[in-house]
Amino acid sequence: MNTLITTLKSLCGDANVLTHDDPGVDLSAWEQDWRKRVKGRALAVVRPGSTSEVAAVVKACAACGTAIVPQGGNTGLVVGGVPDDTGTQVVLSMTRMNAVRAIDPANLTITVEAGCVLQNLQAAADNAGFLFPLSLGAEGSCTIGGNLGTNAGGTQVVRYGNTRELCLGLEVVNAQGEVWNGLTGLRKDNTGYDLRNLMIGSEGTLGIITAATMKLYPQPAAQLTAWAAVPSMEAAVQLLGLAHQALGPGLTGFEVMGQFALSLVDKHYPQLRVPLFKETPWCVLLENSDSENEAHARAQFETLLETALEQGCVSDAVVAENLSQAHGLWHIRESITMAQAEEGLNIKHDISIPVSRIPAFVAETDALLAREIPGVRMVDFGHLGDGNLHYNVQAPEGADGQAFLRDWEERVNTLVFDQVMRHHGSISAEHGVGELKVDKLPLYKDPTALAMMRAVKQALDPQNLLNPGRVLG
Ligand code: FAD
Ligand code: MLT
Ligand code: ZN
């Protein structure tokens, strides 16, 4: 047996080191990315149970020059958490490290291990009487380590920020297998370079996050959800401005959904009963979290929607009567990703541009795409409150998805990303770079920024052992 495997088994226990040589073991769940774009082959999947085990595994891998791919829930959308196909990389699966270590109610913080599933973290906060606001469709299986690794966004960013803004401290194992204990719950600490923020969003290329101290918030007294039909993207942006004014910090969600995206939910999940989408190009989902009471929240919403109807930026709207209706509306929104996966592969983009420029971006880019690919269908939706669109390009009706990707992916990416640059945006708003966009970064990122990123990588991981080939290639 490979001597590294023997060492890893002695460090983590035989049952926590899985290889292709083990009879009856199927490693696909760790080797295949969520969108089924890539299937790698791991040397081994290692599942450490403690920070000291992670440190020992990294030391053992570093000693023999073996690359490590950190993995949480494997829900990433840019092929960042699966091994390459060489059979030489170790997948470091963090899911056994899932404990809630401490809650500090006075400091409004919770300290959890990196493999804690986001939904379990939300529940632990809830049980203690607090809100942990990070929320995304994959929350039942993604981990806080993966959320930090990708600096995930989700549906509450308009009020609470990305994962980065929710994090106060980290515990990290570096590429040399040393443990950095930065698990402070401090809101102020100006003692030099911000290593925490360097690690967040580094997609497993600079260190392995083993635990984190995250912010907690008071639970809102009431939460109301509305679903509005809007006649255009300009109208959606106008509604966003009105919502900011009317709700202030109560505006905790503002999602836009295109008609075709909703028609896919309607087609694949008819039981979900998508409202108002048939007669309008766009729908908007808004959430109002109120610190007073439900009557106050409802009155605020009604005033907002009346103004919006008067100004013509909303043509029709429904306000959820109760929490279960609100969950139903959010479930429709969160089902778009699955519905488009059911429909077949598409060319996915996760872009951000200033909110003010989104209407022009969509109009121009839709026209450019339609001219090149007659009949192309746009699965557009996203976090309009954050200027973040999932601007996905689906093959014309009846066309083969695989062939469409083969023939058009490069051209469509260039067209869309050039447009993003024209509008001063980013080619990855929240999903990260992973492997999927690695070749695009040199084309669309400031060269000085890229050189500085390379210098950081070289300084922290000179052997290029942590998730090689991702982010910087
Ligand atoms: P993985 O997929 O396992 O890993 C992702 C990256 O993080 C990899 O590069 C990996 O190496 C690295 N990593 C994982 N754990 C660690 C660690 N402990 N230390 C260092 N690096 C680590 N993303 C959004 O931003 N917003 C959304 O709204 C959103 N919605 C989604 C909805 C669905 C249905 C799906 C399938 C995905 C969605 N995503 C979204 C993408 C994905 O869920 C997030 O990127 C999530 O943060 C990944 O967490 P994970 O635990 O699954 O990480
Ligand atoms: C979302 O907002 O639902 C996610 O980012 C997932 C996706 O883009 O499909
Ligand atoms: Zn998203």
Side-chain angles (χ1 to χ4, degrees), residues 29-30 32-36 48 51 54 58 67-83 89 91-95 97-98 112-118 121 134-157 162-164 170-174 199-212 253 255-257 261 285 330 333-341 346 348-352 379-384 386 388-392 428-436 438 466-471:
W30 293 275
Q32 170 94 68
D33 77 302
W34 191 88
R35 291 179 63 210
K36 300 199 167 31
T51 302
V54 174
V58 173
I68 297 167
V69 182
Q71 191 183 91
N74 197 15
T75 66
L77 298 173
V78 289
V79 191
V82 289
Q89 301 187 325
V91 173
L92 191 74
S93 169
M94 297 299 292
T95 52
M97 287 188 63
N98 56 13
V112 288
E113 292 183 342
C116 184
V117 168
L118 175 56
L121 170 44
L134 182 65
S135 175
L136 45 127
E139 63 199 22
S141 36
C142 65
T143 62
I144 191 66
N147 302 147
L148 287 158
T150 57
N151 186 27
T155 54
Q156 303 272 300
V157 175
N162 295 295
T163 310
R164 183 189 300 290
L170 290 180
E171 180 186 84
V172 171
V173 171
N174 69 13
M199 290 295 159
I200 297 172
S202 67
E203 301 183 48
T205 63
L206 297 181
I208 294 152
I209 297 166
T210 49
E255 299 285 311
V256 73
M257 299 154 289
L285 189 59
W330 276 105
R333 157 63 183 90
E334 299 296 11
S335 300
I336 297 175
T337 303
M338 293 299 290
Q340 64 177 349
N346 65 29
K348 218 162 157 50
H349 303 107
D350 161 41
I351 59 166
S352 64
V379 190
D380 290 348
F381 64 100
H383 319 287
L384 185 61
D386 321 322
N388 176 191
L389 270 194
H390 299 305
Y391 187 80
N392 304 326
S428 176
E430 57 173 10
H431 296 160
V433 177
E435 185 175 301
L436 217 54
V438 105
L466 296 182
N467 219 358
R470 273 68 199 259
V471 182

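First listed ligand is number 1; within each ligand, the first listed atom is number 1. Note that the structure is a prediction, hence the values are computed from the model and not measured.
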### Task
Could you tell me if any non-hydrogen atom of V69 lies under 4.0 Å from any atom of ligand 1?
no
### Interfacing atoms of ligand 2 (cut-off 4.0 Å, heavy-atom, R333)
1 (C), 2 (O), 3 (O)
### Message
Please list the nearest protein heavy atom to atom 5 (O) of ligand 2 with its residue and the distance rounded to 0.1 Å.
### Response
H431 NE2, 2.7 Å
### Query
Which atoms of ligand 2 are found less than 4.0 Å from any heavy atom of T337?
3 (O), 6 (C), 7 (C), 9 (O)
### Message
Suppose I only count heavy atoms of E430 and a 4.0 Å limit; which atoms of ligand 2 are within that range?
### Response
2 (O), 5 (O)
### Message
Among G80, A138, G201, which one puts a heavy atom closest to atom 31 (C) of ligand 1?
### Response
A138
### Query
What protein heavy atom sits nearest atom 2 (O) of ligand 1, and how far away is it?
G76 N, 2.8 Å
### Query
So which of S335, G204, P70 gets nearest to atom 11 (O) of ligand 1, if we judge by its closest heavy atom?
P70
### Query
So which protein heavy atom does atom 37 (C) of ligand 1 come closest to, and at what separation?
T75 O, 3.4 Å
### Query
What protein heavy atom sits nearest atom 46 (C) of ligand 1, and how far off is it?
N147 ND2, 3.5 Å
#### Entry: Which residue and heavy atom of the protein sit nearest atom 39 (N) of ligand 1, plus the separation
L77 CD1, 3.8 Å
### Query
With a 4.0 Å heavy-atom cut-off (strictly under), which part of T163 contacts ligand 1: side chain, backbone, both or neither?
neither
### Task
Decide whether an N or O pair under 3.5 Å exists between A114 and ligand 1.
no
### For atom 16 (C) of ligand 1, closest protein heavy-atom neighbour
G145 O, 3.6 Å
### Message
Please list, in number order, the atoms of ligand 2 under 4.0 Å from a heavy atom of H390.
### Response
1 (C), 2 (O), 4 (C), 5 (O), 8 (O)
### Task
Answer yes or no: is there an ion pair linking R470 with E203, defined by an N-O contact shorter than 4.0 Å?
no
### Task
Find, among atoms of H390 that are N, O or S, the one nearest to the Zn ion (ligand 3), and state its name.
NE2
### Query
Looking only at protein heavy atoms, which one is nearest to atom 50 (P) of ligand 1, and how far off is it?
G73 N, 3.5 Å
### Task
Quick one: look at T155 and ligand 2, take heavy-atom pairs under 4.0 Å, and tell me if it's side chain, backbone, both or neither.
neither
### Message
Let me check your reading of the structure: within less than 2.8 Å of the Zn ion (ligand 3), is there an N/O/S atom from H431?
### Response
no
### Query
Atoms of ligand 2 less than 4.0 Å from H383 heavy atoms?
2 (O)
#### Entry: Heavy atom of the protein closest to atom 53 (O) of ligand 1 (residue, atom name, distance)
G146 CA, 3.5 Å
### Query
For E203 and ligand 1, does the shortest N/O to N/O distance drop below 3.5 Å?
yes
### Message
I'd like the atom name of the N/O/S atom in E430 lying closest to the Zn ion (ligand 3).
### Response
OE2
### Query
Of the protein's non-hydrogen atoms, which lies at the shortest distance from atom 9 (O) of ligand 2, and what is that distance?
K348 NZ, 2.5 Å
## Note on the structure
ligand 1 to G207, heavy atom cutoff 4.0 Å, flagged ligand atoms 20 (C)
### Message
Below 3.5 Å, N or O to N or O, backbone or side chain included: is there any such pair between E334 and ligand 2?
### Response
no
### Task
Indicate whether any N or O donor in one side chain lies under 3.5 Å from an N or O acceptor in the other, for E430 and H390.
yes
## Note on the structure
The answer for which part of H383 has a heavy atom under 4.0 Å from ligand 1 is side chain
### Query
Which residue owns the protein heavy atom closest to atom 19 (N) of ligand 1, what's the atom, and how far is it?
I209 N, 3.0 Å
